[in-house]
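In what follows, chains carry the letters A, B, and so on, assigned in the order in which the sequence lines appear, proteins first and then strands, with residues in each chain numbered from 1.
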Amino acid sequence: MKDYKKYFPIFEKEKGLVYLDSAATSLKPKVVLDKLMEYYTEYSANIHRGLYPMSERASEEYEKVRGKVASFIGAKSPEEIVFTSGTTAAINLVARAWAENNLKEGDEILVSEMEHHSNFVVWQQLAKRKKLSLRILSLEDFWQEKFGLDKLVNKRTKLMAVAQISNVLGKINPIEKMVAEAKKINPEIRVLVDGAQSVGHVEVDVQKMGCDFFAFSGHKMYGPTGVGALYVCEDRMKEMEPADFGGGMIGEVGIVDSSWAEGVEKFEAGTPPIAQVIGMGAAVDFLMGIGMKNVEEHESKLLEYLLEKLGELEDVLVVNEERHNRIGVVAMVSRVVPSHDLGYELGEKGICVRSGLHCAQPLHNKIGEKYGTTRISLGVYNSIEDINKLVEGIKKIQKDYK
Amino acid sequence: MDDLYRQIIIDRYKNPINRGKVIGGKNAVKANLSCGDKLEISAKIKNEIIEEVKFEGGGCAVSMAAVDMLCDKLKGMKIGEVMKMSGEEIEEMIGMDLTYSRKKCAYLGLETVKKMIESE
Ligand SMILES: Cc1ncc(COP(=O)(O)O)c(C=O)c1O
């Protein structure tokens, strides 16, 4: 198998580090770190403001990323990409800039039970405030891939908000099929896809999926923290109103009223995370350089091995044992070591996994694991040896707790 | 984590002494939602002194062992003293320094006890 660790400087400092928490945040390759350094040391200026060469270069680099991201996720044009601080901010932006102005009392929003809190609480609270009704797609429906949308979708359903990949189950949801099914009942339904776990792990094509909005984070796809993006299809973009006001988003400002900038800029008030956006561009280049097909293949081989090894362990229950239609995000429970202790003890051995509810409490309640699960998640830098160390670690810790 | 203390915690988690419910006393429930720990503490308090205290609930070994040890310590203590107890005392009690997230686990017992004392 190919060794991708060499692209990540952290492994030079942290010898023997076993990082299996990429679903929380990924490690950063040297090309991304270099790009941040380049910005801060060569053209560290604000954008869209100065006329001096350094500022012009910063603006160019920043805007170039819009195009890179657009083609990386299959958008029609860079004008459909709004930079945000991450997935959470992107979803909140849809609520405030679009749903706020296009949904009214009595309308319905459909969300799934497996959502991360950031694609759940946003809609729950909006529904409460605007007297909308929140309908829930059950976990069972996802397992069986029979959504019974005819019972859940009707003419009042204005938005379906669902993750492309669950951050606990790792399951790749059949968005294209769900969108088609929902649109058969209500052609006017709009669809938001939470892509936090998909970008950087599977090839993404927003047009093929047929979604209106697509949100993701830079830090989970080998980019810097503090940045992400929201794809908004052209038609929905016309229905959005600015939600944050200030510099950079205005057209003209008078004492009584103001007008807004043309295009996506009106959703990027204030100085944006310039370095981070530029760094995220380098992360896109990094992934395209490897090739998403190769990324997928590398991670699925590791996933297969991981599932096989976990399956051999006594007292270990894997939440989603499916081998297909999923990525390397695997939640498990030990019947002898509470998940929190397992995470801690593995950490003491230099093995990083995540324990808890993973910001998906409704899902954990549903699967009956209210004390949480331990999640192992893969990135390109992982190897067979990492998995061997993990499995040995779990065995040893379970023995101590028995 | 020191191996000896680690073993003590694991043993205490597996064989708790103060698990149960004090009937007819005060009680309070508190949860640490990031990891799913959930505790219920019940106690009999007479003349401002804790006579009996027990816990129920589930969670990680550190939170369960810490609350179990805490119950031992609380018996006979004045509630005023309990309200003044700090996180460091919990760390001393279980015999180790805790990392950022583990503090939340270990302190859950004390926080729940304080909540119970303050309740009507
Ligand atoms: C499925 C899913 N949605 C949303 C988020 C939130 O992402 P962020 O914290 O980067 O805004 C995450 C990450 O934790 C996630 O896994």
Side-chain angles (χ1 to χ4, degrees), chain A residues 21 23-25 116-118 120-121 124 167-168 315 317 319 331-375 393-402, chain B residues 1-16 18-19 29-41 55-70 87 90-91 93-112:
Chain A
D21 195 19
T25 195
H116 185 281
H117 294 162
S118 66
F120 191 87
V121 184
Q124 176 193 66
N167 67 319
V168 179
D315 300 312
L317 190 131
V319 174
M332 55 149 284
V333 189
S334 159
R335 288 299 168 219
V336 273
V337 191
S339 81
H340 219 218
D341 300 288
L342 185 59
Y344 176 80
E345 303 256 6
L346 284 170
E348 293 286 289
K349 296 181 187 302
I351 303 166
C352 312
V353 299
R354 166 109 181 243
S355 286
L357 301 171
H358 318 297
C359 303
Q361 209 180 349
L363 170 70
H364 279 84
N365 286 341
K366 185 54 161 286
I367 61 176
E369 298 295 350
K370 60 182 176 167
Y371 299 132
T373 53
T374 298
R375 182 183 69 188
I394 296 175
K395 267 190 202 160
K396 170 96 188 19
I397 297 161
Q398 291 206 130
K399 206 167 129 223
D400 291 349
Y401 275 72
K402 257 204 171 148
Chain B
M1 204 195 289
D2 189 300
D3 236 29
L4 173 67
Y5 286 112
R6 176 170 169 270
Q7 202 50 54
I8 291 175
I9 291 205
I10 296 173
D11 287 345
R12 196 69 188 242
Y13 163 69
K14 290 198 296 195
N15 308 297
N18 298 300
R19 224 175 225 291
V29 179
K30 209 165 158 46
N32 173 355
L33 283 182
S34 70
C35 61
D37 290 353
K38 195 169 179 189
L39 268 187
E40 177 174 359
I41 303 237
F55 77 96
E56 272 184 332
C60 67
V62 168
S63 70
M64 295 295 116
V67 70
D68 196 27
M69 292 180 193
L70 179 66
I90 299 293
E91 280 175 75
M93 183 185 78
I94 60 178
M96 54 190 201
D97 294 332
L98 297 164
T99 53
Y100 174 80
S101 300
R102 301 246 85 181
K103 282 192 204 311
K104 288 188 197 161
C105 313
Y107 298 174
L108 183 64
L110 180 60
E111 284 166 9
T112 315

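Here the closest heavy-atom approach between residue G57(B) and residue Y371(A) is recorded as C-OH, 4.1 Å. Closest of all the heavy-atom pairs between P338(A) and A61(B) is CG-N, 3.9 Å. Counting all heavy atoms, side chain and backbone alike, D400(A) lies closest to Q7(B) at O-NE2, 4.2 Å.
The SG atom of C105(B) sits 10.0 Å away from atom OH of Y344(A), with the distance rounded to the nearest 0.5 Å. Interatomic distance, M64(B) CE to D341(A) CG, rounded to the nearest 0.5 Å: 10.0 Å.
With sequence neighbours excluded, the residues that form a side-chain contact (heavy atoms from CB on, under 4.5 Å) with Q124(A) are F120(A), V121(A), L134(A). With sequence neighbours left out, the side-chain contact (heavy atoms from CB on, under 4.5 Å) criterion links V336(A) to D315(A), S334(A), Q398(A), K402(A).
For a residue to count as touching a neighbouring chain, one of its non-hydrogen atoms must lie under 4.5 Å from one of that chain's; by this rule T99(B) touches chain A with the side chain only.
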